[in-house]
Colleague: 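So that we are looking at the same thing, I have put the structure below in structure tokens.
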Amino acid sequence: MNLLREAETALCPANEPNAEVPNGAAGHYLLGLIYRYTGRRTCAVDHFMQALAIDPLLWAAYEELCILGAAEEASECFNDAAAFRVQQQQLSESSSQNLTIGTECQSLPSSMALGSGDTSPRHSKQLHANNTRETLSHPHGTVMVAGHPPIGGPSNISQYYTPPAVTQLSGVAPPPLCRNAQLYLNAIGGDGYTKSNVNAVIQAPRRKFVDEGKLRKVSGRLFSDSGTRRSTRLSGEAAANTNSNASQLGGNGANHFSAKSLGGLSSSSSKTNSAVLRSVTLRRGQSWANENFDEGRRSQIFYDSCADNTVTTSSMSALADGKCLEQDKMGCGISAHDSRLASGIREFLGLLRTLGEGYRLSCLYRSQEALEVYLRLSQHQFNTGWVLSQVGKAHFELVDYFEADRFFDLARRVSPYTLEGMDIYSTVLYHLEEEMKLSYLAQELISVDRLSPQAWCAMGNCYSLQKDHETAVKNFQRAVHVDSRFAYAHTLCGHEYVALEDFENGIKCYQSALQVDERHYNAWYGLGVVYLRQEKFEFAEHHFRKAFHINPCSSVLMCYLGMALHSLKRDEEALEIMEKAISADKKNPLPMYQKANILSSLERFDEALKELEQLKEYAPRESSVYALMGKIYKRLNVHEKAMFYFGIALDLKPPAADVATIKSAMEKLYLPDELEDTL
């Protein structure tokens, strides 16, 4: 809602200056975003660091630190100490989870010994109907039992479910796996199921076995009842239903659900009672649906013992023995689980180290180093949409548009609905003058999300490529309207205003981009270009230096800084920066041309011609190269070669302004330089 002041007040109340930030790492992260959006960079960095210290897996906090240029090396953030903190957090959550389950198990014997009060058949039916709804209506095809992981799901799902609150237990045993299997079987019209049939039915996807409207009414009456809770009625219900369940289901074979499977436990069978305990205290991570029905018969839960109204001493002794044995097995399982957890955490943090270091270097515009880091990823991790998009951005910053196009195209294929980085991709296609691909990309992004700034940036670049700058401005303004914090949209809008020679609005757009992100070097570059064209060379040098300080590896920024220095008559500094620009990108013809131009102004013609001869190999169809060679030969009074190179420059169809300049030079070819200056 962009109510940043209200958000800050909610997280840091003014009347409680020393209050702890709520919700730990997430609270510090939100507060960091607020400080970043309000221009308080130091405070933002501090809170992002605190969020990362509390939760080393909070990738978004590290990402924000990288954007602000304040991130430590990934090896420092995602190190062994971070792995230890994550492991301790997971173990503490696991121990509290096990404690809750243990409390449930300890409350079971007392609930078994409850008295057998009379209950009406009507309430018994309501209870059965409600149990059916709880047991059979899980949307993912697994049976959900209150307080326990889903049956038939993955074996490690118990790490993530949240135990019920203590107030919900009320001293009652956890509900059984199939405590109303009779109603279940009647609903699907079958009886006499074997253990394999039942196992298959339990794991089957949800079907409307029972009229859900009736279940809603029944459950509503049940939960609105303010009388005695379920825990005081179980014994009487079990006794009332035992005979009817037995008559409906028939025999007591080993491979069938018996009446005791639904309504009662034999108090004289210690083996059954031991199996009952095993059904409740399952080993961590073990799926209930895969347990052996002959040995354990998971439907025989502690509720059923109420059918006999008593719990014998031998039964309780058998339960205690089974509990000790099961706890030993559970301890071994937890130890193995902890080992796997530690190994998984180390592996995951190793992946974050690689991704984080690559992203950090990319945000520092050390693109070549970032590419080398990303190439260390496995093939499975490298061929993901996010990584491919980051590789495409790195090639874009290296002015390698063909490779950037290739990787962005791969990212689109892998993740066609991801919009991150597509604004950069549209600029790549703009530089490559791929009009058809750019138009298709813009239409695709609009169809994916009309409210994304990336889509309207692509549309604006499409119109800009067609030289329709007014329509391009409208599209970039729409991108700004959709997301005013999208700095690149402000910058692209400024470029279009400059193309229309509306320098005032162009400057406003660039300044708006810098208010969003002061490290957005493109906006500093845009301001430098405007001041250079306005011949405000001091301002131009200042803004180019700002951009160069943010992105010290850009050959283009070095070149423009050299041009500003040359305009200030600081030619030696200009030549030095041009040499650096050529070394940074040998394929970029612009610094080579500007170096030749500076040498020509210093009357070092031989060196200038040598540079231009090399430049012809990189840009054989660049008219300005031949025009400059013509000027140099004219200064050397080699008129034939001067005319020859002026002619080649005209044949290459230069822009209209350059055509007029070249023709004027050809007309004044035989005039002395002094006389030419007076004319």
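Please read all numbers here as calculations on a predicted model, not as lab measurements.
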Colleague: Less than 4.5 Å apart, any side-chain heavy atom of H543 and any of K536?
Modeller: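 No, their side chains stay 4.5 Å or more apart.
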Colleague: Hey, are the side chains of F605 and L599 touching, using non-hydrogen atoms and a 4.5 Å cut-off?
Modeller: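 With C-beta onward as the side chain, the pair stays apart.
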Colleague: Taking all non-hydrogen atoms of both residues, which atom of R450 and which atom of W456 are closest, and how far apart?
Modeller: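 R450 and W456 have their closest heavy atoms at O-NE1, 2.7 Å.
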Colleague: The test is salt bridge (charged side-chain N to carboxylate O under 4.0 Å, His left out); show your working for D409 and K437 and say whether it passes.
Modeller: CA-CA 10 Å; D409 185 61; K437 289 179 68 175; 5.3 Å; no
Colleague: Taking the six-membered ring of Y37, is the NZ or CZ of R485 close enough (under 6.0 Å from the centre) and on axis enough (within 45°)?
Modeller: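 Yes, cation above the ring, under 6.0 Å and within 45°.
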Colleague: Would you check, one step at a time, whether the test salt bridge (charged side-chain N to carboxylate O under 4.0 Å, His left out) holds for K474 with E470?
Modeller: CA-CA 7 Å; K474 293 179 181 178; E470 292 84 358; over 6 Å; no
Colleague: Atom CG in D405, atom NE2 in H431: separation rounded to 0.5 Å?
Modeller: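 Nearest 0.5 Å value for the CG-NE2 distance: 12.5 Å.
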Colleague: Are side-chain heavy atoms of L602 and L575 found at a separation under 4.5 Å?
Modeller: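 Answer yes - side chains close enough.
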Colleague: Below 4.5 Å, heavy atoms only, C-beta onward: do L355 and W386 meet side chain to side chain?
Modeller: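 Yes, side chains in contact.
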Colleague: Is there side-chain contact between E444 and R412, with at least one heavy-atom pair below 4.5 Å?
Modeller: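 Yes, close enough: below the 4.5 Å cut-off.
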Colleague: When rounded to the nearest 0.5 angstrom, what distance separates CD1 in I577 from CZ in F544?
Modeller: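 One finds 12.0 Å between CD1 of I577 and CZ of F544.
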Colleague: Would you check if L669 and K634 make a side-chain contact, meaning some heavy-atom pair closer than 4.5 Å?
Modeller: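 When only atoms from C-beta onward are counted, K634 and L669 do touch, with a gap below 4.5 Å.
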Colleague: Looking just at side-chain N and O atoms, do S452 and D449 make a donor-acceptor pair shorter than 3.5 Å?
Modeller: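 Not at all, the side chains of S452 and D449 share no donor-acceptor pair under 3.5 Å.
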Colleague: Between the side chains of Y525 and H520, does any donor sit under 3.5 Å from an acceptor?
Modeller: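 Result is no, nothing qualifies.
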Colleague: Could you tell me if N588 and S555 have a donor-acceptor pair between their side chains, going purely by distance under 3.5 Å?
Modeller: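 Yes, N588 and S555 have a side-chain donor paired with an acceptor closer than 3.5 Å.
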Colleague: Looking at N551 and A547, would you say the former's side chain and the latter's main chain have a donor-acceptor pair under 3.5 Å?
Modeller: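 Flag not set: sc N551 to bb A547 has no pair under 3.5 Å.
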Colleague: Between T427 and Y488, is there a side-chain donor-acceptor contact under 3.5 Å, judged purely by atom types and distance?
Modeller: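 Y488 vs T427: donor-acceptor pair found between side chains.
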Colleague: Compare every heavy atom of L532 with every heavy atom of Y560, then report the nearest pair and how far apart it is.
Modeller: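 Closest pair (atom of Y560, atom of L532, distance): CD2-CD2, 4.2 Å.
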Colleague: Between E403 and R406, does any side-chain N to carboxylate O distance fall below 4.0 Å?
Modeller: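 Here E403 pairs with R406 in a salt bridge, since their nearest N and O are under 4.0 Å apart.
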